[in-house]
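A short worksheet on the structure shown next.
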Amino acid sequence: MAEWFFGPIMEKIRNTCFDYLQDQVGLHTDMKEALERLQTLHPMIQSVIFSCNKAQIIDQNPALNRWLWQLREAIDEADDVLDDFEYMKHEEQLTKNNDETKKRKASSSASFLIESFRKIFIASDRAIKMHPNLNRLKEVVQKLDKVSAEVSTFLHLLESTKQEQQEQQRELYKARETGSLPRNDLIGRGKDKEFVMQWLRKPSNEHRGTDLYRNISLLSIVGHGGMGKTTLLQHVYEEDEMTEEFDLKMWVCVSNNFDAQKVIADMLQSIQKEKPNLDSLDPLQGKLKEEVMSKRFLLVLDDIWGEEEERDKSKWENVLAPLSCGSLGSKILVTTRMDSAASIIAKVIKKKKETLTLQGLDEDECLQLLNTYAFADVENLDDHKKLRFITGQIAKKLSGSPLAAKVMGGILNSNLDEMHWRKVLDCDTGIIKLGQNDIMPVLRLSYVYLPQPLQSCFTFCCIFQQDHEFDKDDLVRMWIALGFIQSSYNQGETLEDIGGRYFDTLVKKSFFDKYGNFYKMHDLLQELAQYISAQECFKIAGENELSCRIPETIRHLAVKTNNLEVVRKIEKFKNLRSLHLTYSKGGQDFIDVLTKIFETLRSIRLLCIDNILLTMIPEAIGYLRHLRYLKIGMSSVVQLPRSLSNLYHLMFIIYDKGVLHIKNDFLPKDLNNLFNLRDLKLTWDVIPGMHGIGKLKSLQRLDGFYIKNEIGYKIGELEHMNDLRQLRIKLLQNVKDAEEACSAKLYQKRNLMDLSLEWNGHHWGRSISTYTFNTIPTSRRSFDPYLDEKVLDNLQPHNSLKQLRIYSFMGARSAIWMNDINLISNLEYIRLDECLEWQTLPPFGQLPFLKSLILRDMPKVKRLDNKFYANGKDCFFPSLKVLHIDKLQVLEELFDAVSVAEGDCLFPCLIELFLKDCQNLQELPFLPPKLKKLEIDNIRWKDFNWLQCASNSCIQELIIKRNDELASFPIEAEQWFHQVSSSLHTLYFLYLKSLVSLPSSLPSLSSLKVLRVRNAPQLQMLPNIPASLEQLVLYKLESLQCLPSSLSISSLTVLDLESIPLLKSLPDLPPSLRSMRIYCENLYCLPSCLRSLTYLQNIIISDAHLKELPELPSSLCELKFTDLESLQSLPSSLTSLSSLETLSIISVNQLRLLPNFPTSIKKLQLIDLQSLQCLPSSLSSIYSLKYLLLEDIPLLKSLPNFPPFLCWLILRDLKNLDCLPSCLSSLSSLQDITIMDVRRLQELPNLPSSLCKLQLIGLKSLQLLPNIPTSLKHLDLSYLKALQCLPSSLSTSSLKSLYLQGNPLLKSLPDLPPSLHSLLIRYCDPELMERYKSFKGS
């Protein structure tokens, strides 16, 4: 319940009410008295709420819970009333400022309300009482007053709650206290353990200077609660090697009750095996210093937290100070849930933070751990095959959490009955609910110690689906719209800044994990949020109508369904503040339901709609006067509702286009009335600008400002938009002169961080978006580079700008302001693209913070001359990390030869250099000292003489691409490869038509991990490969005849060979190999060592002349054979491959018999096997098989019984199959059956009761269908030439879609089920089609 913040809302209510009533002396004494009582009760109410949150007493006190929700409802109602007053103030202001708007609204009821509101504050008490909105305000204040007065009923809980909280803290600490001895086997953390052991063995490479902590190294183990951090370090700590390696070992459990003196005392107790008789900090520090003096120690600090950085940093300084006397090589291991906590200790000892982040276990490892606990004390696991299958399903739901695996294993072990285990498997209440006594306390601890506003931000995230990819900026916008972000007193700090800080804190505390550009929340943490906010947040996914009871208190709802009846029921949740709706069907019915929702749920602040078939948003959205955030996901909406321009509270509009063609008046004419709008994210490439956008002075991002020579579209609209942070100006060729460009006043926009200036002159053939530029006329009739130069001169931004992009500028020189370093000194990113006439570049080399520079398609830039660098012996490009140069066709020099000769410092921080299509570029005299990635594409270099820089080179990745002149590498290049052997780990040679040989120094590249050679038709042989190589990919090497024998002693894990026609055999392969993919048409044998490759998991072989296969390794997980025309049999070892899960055999036409399949298989595909006559009878005993596909096996006449847990069955083009096994009806897991072109099949056995989808296509002999199971939802009957009728059981099914095509003898249908909403009949009896042509589904 404490997710909502009582304080800020109450403050707003009091302040606003007093503002309204300050001139009404004596008229509203009762309201003022009520407000004063609220102010008095405010601290008591906050104390009760705070206590409820900390001590979890709400569930044990229903009366308290009811009172809290009454208080919440009163506050929400008051907030709505105040919102309405603000709305009317905005509307009144618009009316005063805009005569046209005033006339348009004169006859509306809103106008009457505004006029009434104005008269209220100058009229008598009688007038005030008559006005409904002021009466509403009075009523909500009285309601708040009445509810708040009841706080006294619960004040007695404060003391008992405090005591209970202290007791909980003590019990929690005792329960969470850890020792160094492992309590469990270490399962699934072998690699992590080895990483920690290697780190502990590693000699300290710290500089032995005067730093206090110079002898100490730090490694932090970070992960969510229950990830096994403590267990991992317990197993490391108890290794005998650690006792030999260190003079002292200390294990201290810090936990959340961090006390510096106690931690030091625990260290001493760990050393001395007795509690020290000291009770103040100084003697404790002295004693610890004495113990560790000149000794090499290992310290484990288990379960540390970081609540307040400055306070905790001071405490840790006290704890760690005595340890500075330890000997060189001393190590500290830390476990924590919070990356921020690890950072605190790293800062104290002034070390770079080293972190091992524990992710979830792999599914197999999680299953192993689950089975360990589920089958504890079970002697013979073979007696419980069905139970083992069930644990395999449960393991998928555990998100790799060791804690969840242990708890769920214990729940299963309590009753070894299949029914009990299936109930656990099918339980939809979540893992936390099932194991709440064990899992909940561990995870909830992370939540309790979050600052209160962050608790609301965290719990709100539970309405998103598991594995949702969170966009940081978008989530922050949602938090702002819902009022979760509290304003800051820091001048210039926006709500977005504060929300971004909130998000970063949650990341540091491990509530979010970063994946590329997105973030994800661990499934158990999302489940925790859902558990905590069960009365406030709810999500629905699926087609079934709402079977569970949704609390009436719900504020945030997410619905993902195709059932319109589910959507229809949303309207009853009248307290909703946010609604996320995903629905994939179109039609007027859905629009009608939306209209009803908008009319009913008028308190919504946040609305997200995702429907690809939605063509319009109903005008009834105008009822949502409190709306702050509107997101229209992928849709077919071609015009936004006109009423949108009246939603004055709107702060964010986000529209993701689903269709290209939209109306020219897509945006409402008066959208610029929304002066609270902060972000307008539209598909600007197909929306030709917005009239009068300059009124949106709060706008922070504008991705598409299209300039036209019309009032309301000129560049002067930008003059007063000084809150802009990101701005993209397009069609600058429509600026008529330099004076007009100056009217934008970009130099005044001190908040502007990201600026794009785009001329996009389609009239000279350089259009980026044809659709847009064909619909927006340009005022420019001729090419005018001089005007472009003058316009750019007058678009000088404020010097706070960090990112600058310029596209299609046609001037020959730089802007004047670009040549003044002081005016662009803060730039970090620059991109110049398609600037066809630009000749001389600004002195970018002097920019102190520039990190990325991209120059593309600038054909007249001959050189990066002295001005590009600097004057005198300075450091050029001191911060540049990324340099991309593409299509600078006449560029001759990249580095200034004079500067190089004089020993100037060039590109000291450059990490990535990309050079493409610069045919005149001379070879580089050196490589920058920190360069890690170099890509050279279509540049005709042959020497690669970079020796003078190799001594300090750290290059890691080299790509040489499209060089027709490179035949071999000269001696200087060979020597360079030798000198970078310890750093280079990735090497690509691509599309090199003349290349005859690779560098002979290749074997010396001791760090090389990846080698790719593609499209080198003259390459005849490979040198020996280095032992470090892990991936070898060879493609289209027409002259290569063999692979080097050194392959067998490499570290190769991936081998990928394709289109190497002269390759006939392979050398012995290395034992490290994990994946092998071979598409070589003349390969006639595989090495006999294959069976000994115990790490090999994937084999794909295609287009080879193999007549037989060697024995296969038992480690295989996936095996695929394709187009092996000569292969006649499979190895007998196939049966014993106990890890094999996927087997595909395709177009192996000489194969006549199959061995028994391994019992581990989950997916089996047999396709185009022209000689195969039967399947092994053992198929029926493969309990793990879920997916079976049989296609084009003409000699197959019958099938064995299917395995019991099959889920998907696909039979295609089986010409001689005339019956299916009768066991089909007993397959209780089978959900999907497709049978196509099995022409001799005359009847089907009874269908299973679990079936959801049935497709029967091209079964020419099938006359009758069995009874349709009630579970069936989708039925497709196509080209069944003999089918005459459908079973009557169809009418009692749950069918939602029925497709009938090409069934000429089918004259009638039984009664259709009421659940049916989609019926398609084509190429059937004409009368039948006519009868149902007007069918309308449910």
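- In this structure a side-chain-to-backbone donor-acceptor pair under 3.5 Å is present from Ser1028 to Leu1008.
- By the 6.0 Å contact criterion, NZ on Lys472 is enclosed, its count of non-hydrogen atoms from other residues, nucleotides or ligands being greater than 12.
- Checked by atom type and distance alone, the side chain of Asp339 never pairs as donor or acceptor with a backbone atom of Val507 at under 3.5 Å.
- A distance-only check finds no donor-acceptor pair linking the side chain of Ser1007 to the backbone of Leu984 [under 3.5 Å].
- Of all non-hydrogen atoms in Arg962 and Leu992, the two that sit nearest each other are N-CD2, 3.9 Å.
- Side-chain contact between Lys1107 and Gln1150: absent, with no pair of heavy atoms (C-beta onward) separated by less than 4.5 Å.
- More than 12 heavy atoms of other shown residues, nucleotides or ligands fall within 6.0 angstrom of atom NZ in Lys353.
- Under 3.5 Å, the side chains of Gln1020 and Ser1039 contain no donor-acceptor pair of N or O atoms.
- The closest donor-acceptor contact from the side chain of Thr355 to the backbone of Ser220 lies at 3.5 Å or more, if one exists at all.
- Considering Glu957, Gln956, Lys1009 as possible partners of His985, the one that fulfils the side-chain hydrogen bond (donor to acceptor under 3.5 Å, both in side chains) test is Gln956.
- With Ile1145 as reference, Leu1130 is the one residue of Leu1119, Leu1130, Ile1167 to meet the side-chain contact (heavy atoms from CB on, under 4.5 Å) rule.
- For Arg1014, the side-chain contact (heavy atoms from CB on, under 4.5 Å) partners at least two apart in sequence or on another chain are Leu990, Tyr991, Tyr1035.
- Judged by distance alone, the side chain of Glu1111 and the main-chain N or O of Ser1133 form a donor-acceptor pair under 3.5 Å.
- Taking the side chain as every heavy atom from C-beta outward, Leu1047 and Leu1066 never approach each other to under 4.5 Å.
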Set out, in order, the CA-CA distance, both residues' side-chain angles and the distance that settles side chain to side chain contact (heavy atoms under 4.5 Å, CB included) for Lys932 and Lys881, then state yes or no.
CA-CA 10 Å; Lys932 292 184 178 180; Lys881 293 184 177 181; over 6 Å; no
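- Between Leu966 and Phe989, the closest side-chain pair of non-hydrogen atoms is not below 4.5 Å.
- Here the straight-line distance linking atom CG of Leu1055 with atom CG of Asn1098 works out to 12.5 Å at 0.5 Å rounding.
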Any chance you could lay out the side chain to side chain contact (heavy atoms under 4.5 Å, CB included) test for Val196 and Ile221, step after step, and finish with the verdict?
CA-CA 9 Å; Val196 177; Ile221 316 296; 4.1 Å; yes
Going through the checks in order, is the side chain to side chain contact (heavy atoms under 4.5 Å, CB included) test met by Lys331 and Trp199?
CA-CA 9 Å; Lys331 310 273 186 174; Trp199 182 85; 3.6 Å; yes
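- Side-chain contact, Ser1001 with His978: no donor N or O sits under 3.5 Å from an acceptor N or O.
- Between Ser1144 and Gln1165, the side chains place a donor N or O and an acceptor N or O closer than 3.5 Å (distance only, hydrogens not considered).
- Between Pro999 and Phe977, the shortest heavy-atom contact is CG-CE1, 3.5 Å.
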Result block: side-chain N/O donor-acceptor pairs under 3.5 angstrom for residues 1122-1129, not counting sequence neighbours:
from: Glu1125; atom 1: OE1; to: Asn1149; atom 2: ND2; distance (Å): 3.3

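- Classification of Glu194 and Arg201 as a salt-bridged pair holds, one side-chain N sitting under 4.0 Å from a carboxylate O.
- Using a 4.0 Å cut-off between a side-chain N of Lys or Arg and a carboxylate O of Asp or Glu, Lys887 and Asp917 do not qualify as a salt bridge.
- For the pair Lys1064 and Tyr1084, the NZ or CZ position fails the cation-pi test of under 6.0 Å to the six-membered ring centre and within 45 degrees of the ring normal.
- We find the CD-CD distance between Gln803 and Glu828 to be 7.5 Å, quoted to the nearest 0.5 Å.
- A heavy-atom distance below 4.5 Å is found between the side chains of Leu1112 and Leu1090.
- Asn920 contributes a side-chain N or O that, together with a main-chain N or O of Gln889, makes up a donor-acceptor pair within less than 3.5 Å.
- Panel note: side chain Ser1115, backbone Leu1096; a donor-acceptor pair is recorded below 3.5 Å.
- Between Ile955 and Ser983, some side-chain heavy-atom pair lies under the 4.5 Å cut-off.
- Residues Ser1048 and Pro1067 are not in side-chain contact: their nearest non-hydrogen atoms beyond the backbone lie 4.5 Å or more apart.
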Criterion salt bridge (Lys or Arg N to Asp or Glu O under 4.0 Å) on Lys202 and Glu354, from CA distance to verdict
CA-CA 13 Å; Lys202 183 175 64 176; Glu354 294 184 77; 3.8 Å; yes
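- Going from atom OG1 of Thr1053 over to atom CG of Leu1032 covers 10.5 Å, rounded to the nearest 0.5 Å.
- Residues satisfying the side chain to side chain donor-acceptor pair (under 3.5 Å) test with Asp1056, not counting sequence neighbours, are Arg1077.
- Proximity of a side-chain donor or acceptor of Ser1160 to a complementary backbone N or O of Leu1140 within less than 3.5 Å is detected.
- A salt bridge between Lys862 and Glu892 is absent, with no side-chain N of the basic residue lying under 4.0 Å from a carboxylate O of the acidic one.
- Between Cys918 atom SG and Glu893 atom CD the span is 13.5 Å, to the nearest 0.5 Å.
- A donor-acceptor contact shorter than 3.5 Å links the side chain of Glu974 to the backbone of Ser1000.
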So Leu1086 and Ile1078, side chain to side chain contact (heavy atoms under 4.5 Å, CB included) or not? Walk me through it.
CA-CA 10 Å; Leu1086 294 177; Ile1078 300 176; 4.2 Å; yes
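- Within 6.0 Å of NZ in Lys520 there are more than 12 heavy atoms belonging to other residues, nucleotides or ligands.
- Note: His884 and Phe914 have tilted aromatic rings, judged against thresholds of 30 and 60 degrees for the angle between ring planes.
- When each of Leu891, Val861, Asp833, Leu841 is tested with Leu855 by the rule side-chain contact (heavy atoms from CB on, under 4.5 Å), just one qualifies, namely Leu841.
- The two residues Phe1157 and Leu1164 come nearest to each other via the heavy atoms CE1-CD2, 3.7 Å.
- Atom NZ of Lys514 sits in a crowded spot, with more than 12 heavy atoms from other residues, nucleotides or ligands closer than 6.0 Å.
- Looking at Asn1082 and His1105, their side chains come closer than 4.5 Å, going by heavy atoms from C-beta outward.
- Contact of the Trp941 side chain with the Leu915 side chain is registered, since non-hydrogen atoms from C-beta on lie closer than 4.5 Å.
- Shown here is Lys1120, whose NZ atom has no more than 12 heavy atoms of other residues, nucleotides or ligands within 6.0 Å.
- Using a 4.0 Å cut-off between a side-chain N of Lys or Arg and a carboxylate O of Asp or Glu, Asp886 and Arg856 qualify as a salt bridge.
- Atom CG of residue Asn938 and atom CG of residue Leu921 lie 11.5 Å apart, to the nearest 0.5 angstrom.
- Side-chain contact check for Asp1168 and Ser1147: at least one donor-acceptor pair (N or O, by modelled atom type) lies under 3.5 Å.
- Checked against Leu1063 for a side-chain contact (heavy atoms from CB on, under 4.5 Å), the options Leu1034, Leu1043, Leu1037 give a single hit: Leu1043.
- With rounding to the nearest 0.5 angstrom, the CG atom of Leu1002 is 10.0 Å from the CZ atom of Phe969.
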